Structure formats: C-alpha cells, structure tokens
**Q** 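Dropping the structure in here first, questions after.
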Number of protein chains: 2
Amino acid sequence: MRISQLSAASGVPIPTIKYYLREGLLPPGEQTSATRAEYGAGHIRRLRLVRALLEVGRLPIASIRKVIAAVDDENLGMHEVLGTAHYALAPAVEAHDDDEEWRRARAEADRLITDLGWRIDPGAPTRDELAQAILTLDRLGMPATGEALRPYAAAALDLVVEHEIGTIPLDGPREAAVEALVVGTVVHGRVLDVLRRLAQESVSARFFGVPES
Amino acid sequence: MRISQLSAASGVPIPTIKYYLREGLLPPGEQTSATRAEYGAGHIRRLRLVRALLEVGRLPIASIRKVIAAVDDENLGMHEVLGTAHYALAPAVEAHDDDEEWRRARAEADRLITDLGWRIDPGAPTRDELAQAILTLDRLGMPATGEALRPYAAAALDLVVEHEIGTIPLDGPREAAVEALVVGTVVHGRVLDVLRRLAQESVSARFFGVPES
DNA sequence: ATTATTGGATAGTACAGCTAGCCAATCGTC
DNA sequence: GACGATTGGCTAGCTGTACTATCCAATAAT
C-alpha cells in the first residue's frame, strides 16, 4: 500500500500523514526503493488510534507521541501503559504549592482518595486535577468536600469495574489489549461526559418548565 | 478598586485583564476620570467565572464570551443559558453527513436518546459528539450499541438528578443561579472525569498485579 | 513639582497543527 | 526505452489562540 492509498483508506490527507511520520506518530513504511515505501494494515490501525486520541481525547500531538511510544514498548505492562495515558490526559495543571488555598484543596483531594481506599500513585498528576476542581467548586461556594464527591467516585468506580475492564481483550495479543485500554480510557471518558450533558439538558428541559412539544 | 488591586485580588496579571476587557469577557470598570476606572466585587466574581471556564472547562475565549453574554442576558431563562453552555462545550465535531458510517453512528446516538426518553433538542451538537464517540468505539471493535452505553446514561442521569440540581441556589438572585448552573456543568464534568481516571488507575493497579507497597 | 500609575491602543510573541511547494529518484505504461 | 505521474524527504509558510509588551498622554499621589 502506498501513501496515497493509505490516505484514501484512512481519510487523512497525505500532507498530514507526512506530518505524522515526521512527528513519529506513525512508523515509517517499509522502504522498497529510494522513492517508494510500503504501508500496511498496521498503519491504518495506528492512524485510527492517533485520530481517536486527537479528535475524541483532544490530546496534543506531543502527548500522543508519548502514549504511542508506551504502546509500542514491549517491555511495559498494562499498568504502565495506562499510567502513560493518564499522564497525557492530565495536562497543564501546574500546582501552586505556595498558595495556602491550593494546599487545602490538594489535601482534600488526597484525603478523598485515601478514604476511598484507592491505590493511586502519590505523584499522579490526576491528584492535582482533582484539587483544581475542588478549589474551583470551593471558590464558587459549591459543595466540594470528600462527602459531596463520593457519589461521583462511586459511580465512576462502578462503571470502570462493571463495564470497562470487561471490554479489554486480555486473551489476544498484547498490542490489541494495550490499544483497547488506551482508547477505552479516552473514549469512555467522553461518552460519560457527553451523556452527563445530555442528561442535564433533559432534566433541565423538564425542571425549568419548557412546554412539552 | 483600581486595576492593579483587581489583579492582586484575582491573581490575574494586568495585561491579561486588559485583554479580557478588550475581548468583552469582563465589563469595563466605572469611569471616574479619563485615566481612572473603578472595579468592584462583581469583577472579581466575573474573573473567577472566566478562569473556571478557561482552566477547568478548557473553553476557548470565543466560547466563553458567548456563555457570558447568555449569563448577562436577563431575558434568558435557566434552560436557555444552560443550552448556550452546552453548545460551547460541544465544539468542533463537524458532522460528515456524506459518510455512511457516520450516519449509522448518528442514528444509533439518536436511538439511544429516544429509548432513554430524554428530551433533547433535535439540533443539539451533543448528539454529534455522542455519534463521534460511538463511531470511534465501533471502529475499534468495542461495544458501542445503545445497550452497552446504558449503564453510563443511567449513572449520568442519577448524578445529575440526585446531586447537581440540588446545588443550584434557585431561591437567590438570577445571576447566582445562572452562574452556578454554568460553572456546575463544567466543573462537575471534570470532577467525574478525573474520578473515573482515578478509579481506573486504582483498579488497574490491583488487576494487573502491581505488588502492594 | 515630580514621580508613579492608569486606561487605551497597537504590535509582537509562542505554540499548535497542519498545509504547501520543491526536488530528484523511480514507477508504470506504452 | 521514452515519458508523464507519483513518491519520499525536505524546508518553509499559514492560521488560530491566548496572551505579553510597549508606548502614550492624562491624571493622581506625595
């Protein structure tokens, strides 16, 4: 398969494919001569993975590169690859350790995690993300204690355990499992977010009294 | 309160405040002379709202402007303002109506919404977001039927009804209610997303056999 | 009187994610 | 074996976003 066919098959324009090759998001095709390279089904799969992380997960290219490197590293186990994806998904929340308010929010986040009995890396950036959300709720005078967030934690845990773990093909090759894990993380996150907003709209329509059509 | 104090009180640099004024995210201060304007507590609240939408909700400035215009429009009811926020949160998913696969995914999304009995605007962009997620799951061979997504919908609805509706101060002034509604949408979304990823990490740590510390 | 600050305006920066153009080597086709 | 089209590899340019920086004359504080 040449680059033009890869482009046609994936829907990604040739210049963009070239760009992904340069950026290391896509492995080079197999060189058959100085001006010809052969691409395969693996490249189509890889492009799908990249587009899913980009369009659904909204990850920046640099993060996608890291995730892909982890996916391709045969030495890494499932947990390590998932960790890489989580790091990529929790960006740009730089902690303000000098700020008193921030430290309180971060302590609240850590306390919630401890109370739930969850096993979370002490250095996980997700902790900072949670702290940021708690701080924001707090500043706007909305309930943001561990108690108030428990229903969210319970629902999240339930969905992960009951639904998401089961969709990972653990009996197949490592690559398939790892890809499903990474994409599942990203896409299920969006599914839940979208459905929550839809639920909100529906409830709002009834609650705030828009007449039934 | 002059601009330097507003900056100190909010933590937002003066040039950025000026930028927000230019962009219409922040109403101008009350002019007291040609080179002096007075800012008040409302400006601090408004800055908090903007930063929450920006940092937690990751909305682009242009979308924030629209949301704020809706918040400030006294003629709009709660449901309309929420709708504006939802439009702002569901960006950039342009529908490919020409694509057969896309139409199937979109039909599946619409069917799920109908089956759930939810009242959703037929033109809501959230429908396209859901279709995009379903299409992505589908292409990667993961379960993406309405059946498979029902647990997510149920959990989302439960959280919205049991928890989020209650945090909106309906007895106070319109502005407070509307702000809580908008910020709540954005921040609760992130809370749920973050907690889901934390639950995932915890489950993964146990499931994929990282030794207990 | 002097120094500092302010509001308003214009211009510049940094990064992200492409997109475009060029070029020589080679391929398919006649 | 001639020849137009395609390819890979390269460098450069473009568009959009969210700021920063600089300048200025008018005022305020001391």
Side-chain angles (χ1 to χ4, degrees), chain A residues 1-40 43 46-68 88-89 91-94, chain B residues 1-40 43 46-68 88-89 91-94:
Chain A
M1 190 190 284
R2 283 170 250 113
I3 200 172
S4 58
Q5 294 171 276
L6 180 60
S7 169
S10 65
V12 179
I14 291 181
T16 305
I17 293 178
K18 287 181 169 188
Y19 168 65
Y20 291 166
L21 287 166
R22 284 199 303 278
E23 292 295 315
L25 304 189
L26 200 59
E30 198 189 334
Q31 288 278 117
T32 61
S33 84
T35 64
R36 208 95 341 171
E38 186 68 17
Y39 302 92
H43 289 90
R46 176 53 51 91
L47 271 180
R48 273 215 277 265
L49 175 60
V50 168
R51 299 302 276 195
L53 294 179
L54 190 68
E55 292 173 357
V56 180
R58 285 173 194 171
L59 298 194
I61 297 287
S63 304
I64 294 177
R65 183 170 37 229
K66 286 181 201 156
V67 171
I68 280 181
L89 278 166
V93 180
E94 81 280 26
Chain B
M1 191 190 290
R2 295 185 268 314
I3 199 173
S4 57
Q5 294 171 277
L6 179 60
S7 170
S10 65
V12 179
I14 292 180
T16 306
I17 293 178
K18 287 183 169 187
Y19 169 64
Y20 290 166
L21 287 166
R22 284 199 300 279
E23 291 296 313
L25 304 189
L26 200 58
E30 198 190 332
Q31 288 277 116
T32 61
S33 86
T35 63
R36 207 103 330 179
E38 186 69 15
Y39 302 92
H43 288 89
R46 175 52 52 92
L47 271 179
R48 272 216 277 267
L49 175 61
V50 169
R51 299 303 276 195
L53 295 178
L54 189 69
E55 293 174 357
V56 180
R58 281 165 201 176
L59 299 195
I61 297 289
S63 304
I64 295 177
R65 184 170 36 231
K66 285 181 202 157
V67 171
I68 280 181
L89 278 166
V93 180
E94 79 279 26

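Chain naming here is simple, since letters A, B, ... match the order of the sequence lines and numbering starts at 1 in each. No experiment lies behind these values; they were computed from the predicted model shown.
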**Q** If you check the K18(A) side chain, which of dG8(D), dG17(C), dT11(D) turns out closest?
**A** dG8(D)
**Q** So which nucleotide from dT7(D), dT27(D), dT20(D) ends up closest to the side chain of Y19(B)?
**A**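 Comparing dT7(D), dT27(D), dT20(D) against the side chain of Y19(B), the answer is dT20(D).
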**Q** Give the rounded distance in Å between these two atoms: CG of L54(A) and C1' of dG17(C).
**A** 8 Å
**Q** Mind calculating the distance between OH (Y20(B)) and P (dA18(D)) to the nearest angstrom?
**A**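 To the nearest whole Å, that distance equals 9 Å.
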**Q** Distance check, rounded to the nearest 0.5 Å: L47(B) atom CG versus L26(B) atom CG?
**A** 5.0 Å
**Q** How many whole angstroms separate atom CD of Q5(A) from atom P of dC27(C)?
**A**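 It works out to 15 Å between those atoms.
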**Q** Ignoring the backbone of R36(B), work out which of dT5(C), dT7(D), dG8(C) is nearest its side chain.
**A** dT5(C)
**Q** Which one, dT20(D), dT26(C), dT6(C), comes nearest to the side chain of R22(B)?
**A** dT20(D)
**Q** Just by modelled atom types, is the R2(B) backbone N or O under 3.5 Å from a matching donor or acceptor in the Q5(B) side chain?
**A** yes
**Q** For dT6(C), take OP1 and OP2 only and decide whether either is under 4.0 Å from a side-chain N or O of Q31(B).
**A**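 So the side-chain polar atoms of Q31(B) never come under 4.0 Å of the phosphate oxygens OP1 or OP2 of dT6(C).
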**Q** Starting at the 5' end of DNA chain C and moving along, which residue's nearest nucleotide shows up first, A37(B) or T32(A)?
**A** A37(B)
**Q** Calculate the interatomic distance between E30(A) atom CD and dG8(D) atom P; express it in whole Å.
**A**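 Taking atom P of dG8(D) as the reference, CD of E30(A) is at 13 Å.
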**Q** Check the distance between dG8(D)'s P and I14(A)'s CD1 and give it to me in whole angstrom.
**A** 8 Å
**Q** Write down the distance between CZ (R58(B)) and P (dC19(D)), rounded to a whole number of angstrom.
**A**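 It is 13 Å, rounded to the nearest whole Å.
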**Q** Please check: side-chain N/O of H43(B) versus main-chain N/O of L6(B), any donor-acceptor pairing under 3.5 Å?
**A** no
**Q** In whole Å, what is the span from the CD1 atom of I17(A) to the P atom of dG17(C)?
**A**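 In whole Å, dG17(C) P lies 17 Å from I17(A) CD1.
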**Q** So what does P15(A) touch, heavy atoms closer than 4.0 Å: a base, only the sugar-phosphate, or nothing?
**A** base
**Q** With nearest nucleotide decided by heavy atoms, which residue, A62(B) or S33(B), maps closer to the 5′ end of DNA chain D?
**A**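 Whichever sits nearer the 5' end wins; that is A62(B).
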**Q** Taking atom C1' of dA5(D) as reference, at what distance in whole Å does atom CD1 of I3(A) sit?
**A**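 It is 15 Å, rounded to the nearest whole Å.
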**Q** Is it true that E23(B) and R65(B) have a side-chain N and a carboxylate O under 4.0 angstrom from each other?
**A**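 Answer for the salt bridge query: yes.
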**Q** Among dT19(C), dC10(D), dT6(C), find the nucleotide with the atom closest to the side chain of R2(B).
**A** dT6(C)
**Q** Given dT20(D), dC18(C), dG7(C), identify the nucleotide with an atom nearest to the side chain of P13(B).
**A** dT20(D)
**Q** Please find the pair of heavy atoms, one from L89(A) and one from G57(A), that lie closest to each other, and give the distance.
**A**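 The answer is CD2-O, 4.4 Å.
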**Q** If the cut-off is 4.0 Å, is S4(B) near the phosphate of dT6(C), judged by side-chain N/O to OP1 or OP2?
**A**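 S4(B) to dT6(C) OP1/OP2: side-chain N or O found under 4.0 Å.
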**Q** With sugar-phosphate meaning primed atoms plus P, OP1 and OP2, does E23(A) contact a base, only sugar-phosphate, or nothing at under 4.0 Å between heavy atoms?
**A**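 The answer is nothing, as E23(A) stays clear of every strand by at least 4.0 Å.
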**Q** Starting the side chain at C-beta, find the nucleotide from dC18(C), dC10(D), dA28(D) nearest to R51(A).
**A** dC18(C)
**Q** Using every non-hydrogen atom in the two residues, find where V50(A) and I64(A) come nearest and quote the distance to one decimal.
**A**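 Here V50(A) and I64(A) meet closest at O-CD1, 4.0 Å.
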**Q** State whether T16(A) places a side-chain N or O below 4.0 Å from either non-bridging phosphate oxygen (OP1 or OP2) of dT19(C).
**A**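 Checking T16(A) against dT19(C): at least one side-chain N or O falls below 4.0 Å of OP1 or OP2.
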**Q** Determine the contact category for L21(B): base if any of its heavy atoms lies under 4.0 Å from a base atom, sugar-phosphate if only primed atoms, P, OP1 or OP2 are that close, otherwise nothing.
**A**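 The residue L21(B) makes no contact with any strand.
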